[in-house]
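The residues of the chain are indexed from 1 along the displayed sequence.
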Amino acid sequence: MNSFDSAIVEFACRWLPYGTPPPEELLTQFGMTSTRYEQQLSRILDDCPSHIPLDTRRKLWLRLAERQAAPTRATASPV
């Protein structure tokens, strides 16, 4: 796991008690969208399991699953 991946995991762990980080925070910290952040975090959890304690991995996977299961906002279409 490189330093960028470590920073993402540390960031995700800091946000665990509060929910999903806001998009502007992800853009500021990592220069990525929420979708890209979730993809990156998922890849890290898959690729580097021995670097992340099991309990922490479970919590992060659960957070990702909750985020994916959350309904998306419907956008209003102009009439």
Exercise for the section: Could you note down all residue pairs passing side chain to side chain donor-acceptor pair (under 3.5 Å) where residues 51-64 supplies at least one of them, sequence neighbours left out? Expected result: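 Listed by first then second residue: D55-K59.
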
Exercise for the section: Report whether L26 and Y18 are members of the same hydrophobic cluster (ILVMFWY, side-chain heavy atoms less than 4.5 Å apart, transitive linking). Expected result: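 L26 and Y18: one cluster.
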
Exercise for the section: Would you mind listing every salt bridge (Lys or Arg N to Asp or Glu O under 4.0 Å) that reaches into residues 2-15, with sequence neighbours excluded? Expected result: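 Applying salt bridge (Lys or Arg N to Asp or Glu O under 4.0 Å) to every pair that reaches into residues 2-15, excluding sequence neighbours, yields D5-R43.
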
Exercise for the section: Give every residue pair that meets the salt bridge (Lys or Arg N to Asp or Glu O under 4.0 Å) criterion with at least one member in residues 31-42, sequence neighbours excluded. Expected result: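 Checked against salt bridge (Lys or Arg N to Asp or Glu O under 4.0 Å) - neighbours excluded - the pairs reaching residues 31-42 are E38-R67.
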
Handout entry: Closest non-hydrogen atom pair, P17 against C13
Key =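 Smallest heavy-atom distance, with atoms named: CD-O, 3.8 Å.
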
Handout entry: Listed partners of D46 passing side chain to side chain donor-acceptor pair (under 3.5 Å), at least two apart
Key =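 Side chain to side chain donor-acceptor pair (under 3.5 Å) check on D46 returns nothing, list empty.
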
Handout entry: Test side chain to side chain donor-acceptor pair (under 3.5 Å) applied to N2 - qualifying residues, sequence neighbours left out
Key =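 Not a single residue meets the side chain to side chain donor-acceptor pair (under 3.5 Å) criterion with N2.
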
Exercise for the section: In sequence, state the C-alpha distance, the side-chain angles, and the governing distance for L60 and L64, and then conclude on side chain to side chain contact (heavy atoms under 4.5 Å, CB included). Expected result: CA-CA 6 Å; L60 292 171; L64 286 171; 5.6 Å; no

Handout entry: L62: side-chain contact (heavy atoms from CB on, under 4.5 Å) partners, not counting sequence neighbours
Key =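 L62: side-chain contact (heavy atoms from CB on, under 4.5 Å) contacts with E66.
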
Handout entry: With sequence neighbours excluded, residues passing side-chain contact (heavy atoms from CB on, under 4.5 Å) with E25
Key =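 Applying side-chain contact (heavy atoms from CB on, under 4.5 Å) to E25 gives F11, W15, P22, Q29.
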
Exercise for the section: Take the angle between the ring planes of F4 and F30 and call it parallel below 30°, perpendicular above 60°, tilted in between. Expected result: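 F4 and F30: perpendicular rings.
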
